[in-house]
2 protein chains.
Amino acid sequence: MANQSTQLDHVFGALSDATRRAIVMRLCDGEASVGELAKPFEMALPSLMKHIRILESSGLVTSEKTGRVRMCSLQTEALATVEVWLATQREIWEQRLDRLEMYVEKLKKREKSNVRKRK
Amino acid sequence: MANQSTQLDHVFGALSDATRRAIVMRLCDGEASVGELAKPFEMALPSLMKHIRILESSGLVTSEKTGRVRMCSLQTEALATVEVWLATQREIWEQRLDRLEMYVEKLKKREKSNVRKRK
DNA sequence: ACTATAGTTAGCTTTATGGCTAACCAATCA
DNA sequence: TGATTGGTTAGCCATAAAGCTAACTATAGT
């Protein structure tokens, strides 16, 4: 327990870096080798590898090595995790706004009836 | 330019910490003072204030001080930003999966006709 | 005026992050 | 077998993150 929380930590953390988001975006289009992933960046390979590791440990990416090339692929469930979290928060705040709106409506009505009384 | 990117950096970064997510969740239910926000945590006030600052600089939270109390409120547009980003990625990978499925269907049909030919 | 409340500032520690180079495997290819 | 390619390990550096204490400021309540 208190574990769902650390999973979210890692996923959000992984996505807080532009390089890693770019990698994720690339992988949305399908698998890619480490080399392919590295091409668009002017960054030493080991640095990029670190990013891939972070993406892996967050669960956003998995990889498998065959021969000398390692193929990486997106693990969409991890992204779904954060979508769910966000949707949950949205639900909560929208419910609150709804209540607020109802309350304001009530106030308006009361205001009107007060005006009538004053006439 | 290359600026939308840093906004996402900050929002994702802000959400990568369980304490800050808890604050955001609390604020979904409505405004709260720094003191109120601090209560549930066993953490020195200055530490908590740092989190609030981070949330503010990410755009997730705004605050205003009146008298000696500072009220904080959620800025839902910032959360919407990341929802949009995620939805975009989802769209891309789902399109790819659709194409993949169509491709597999095509293979299946070809397979069938081959079987027929072999008879 | 005095005290308590609500934040704030400053400054310190420890650990994590993001980048680098250099040297090192392990599979292909010629 | 020898060179190339694709990735990996190890170790270094600078900066940022997350926490703390202690001391301070500015309202509000009595």
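All figures in this text were calculated on a predicted structure; none of them were measured in a lab.
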Listed nucleotide nearest any side-chain atom of B/P46, set D/dT21, D/dA10, D/dG6 |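 When the side chain of B/P46 is considered, D/dT21 is the closest of D/dT21, D/dA10, D/dG6.
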With respect to the side chain of B/K65, which nucleotide from C/dT21, C/dG7, D/dA28 is positioned closest?
->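 When the side chain of B/K65 is considered, C/dG7 is the closest of C/dT21, C/dG7, D/dA28.
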Below 4.0 Å: OP1/OP2 of [N] and any side-chain N or O of [X]:
| X | N | result |
| --- | --- | --- |
| B/R70 | C/dT8 | yes |
| A/S47 | C/dC20 | yes |
| A/R20 | C/dG18 | yes |

Measure distances between side-chain N and O atoms of A/R68 and base N and O atoms of C/dA27, and say whether any donor-acceptor pair falls under 3.5 Å.
->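 Yes, a donor-acceptor pair under 3.5 Å.
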Please report the shortest heavy-atom distance between A/M43 and A/L48, naming the atom on each side.
->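 Taking A/M43 first and A/L48 second, the nearest heavy atoms are SD-N, 3.9 Å.
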Are the side chain of B/R26 and the backbone of B/E31 linked by a donor-acceptor contact shorter than 3.5 Å?
->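 Side chain of B/R26 to backbone of B/E31, a donor-acceptor pair under 3.5 Å: yes, one is there.
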Atom CG of A/L45 to atom C1' of C/dC24: distance rounded to whole Å?
->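 Checked: the CG to C1' distance equals 14 Å.
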Can you say whether the rings of B/F12 and A/F12 are parallel (under 30°), tilted (30 to 60°) or perpendicular (over 60°)?
->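 Tilted.
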Which of residues 49-58 of chain A have a heavy atom under 4.0 Å from DNA chain C?
->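 Hits under 4.0 Å, by residue number: A/K50, A/H51, A/I54.
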Nearest 0.5 Å please: distance from the CG atom of B/L27 over to the CD atom of B/E36.
->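 Reported to 0.5 Å precision, the distance equals 9.5 Å.
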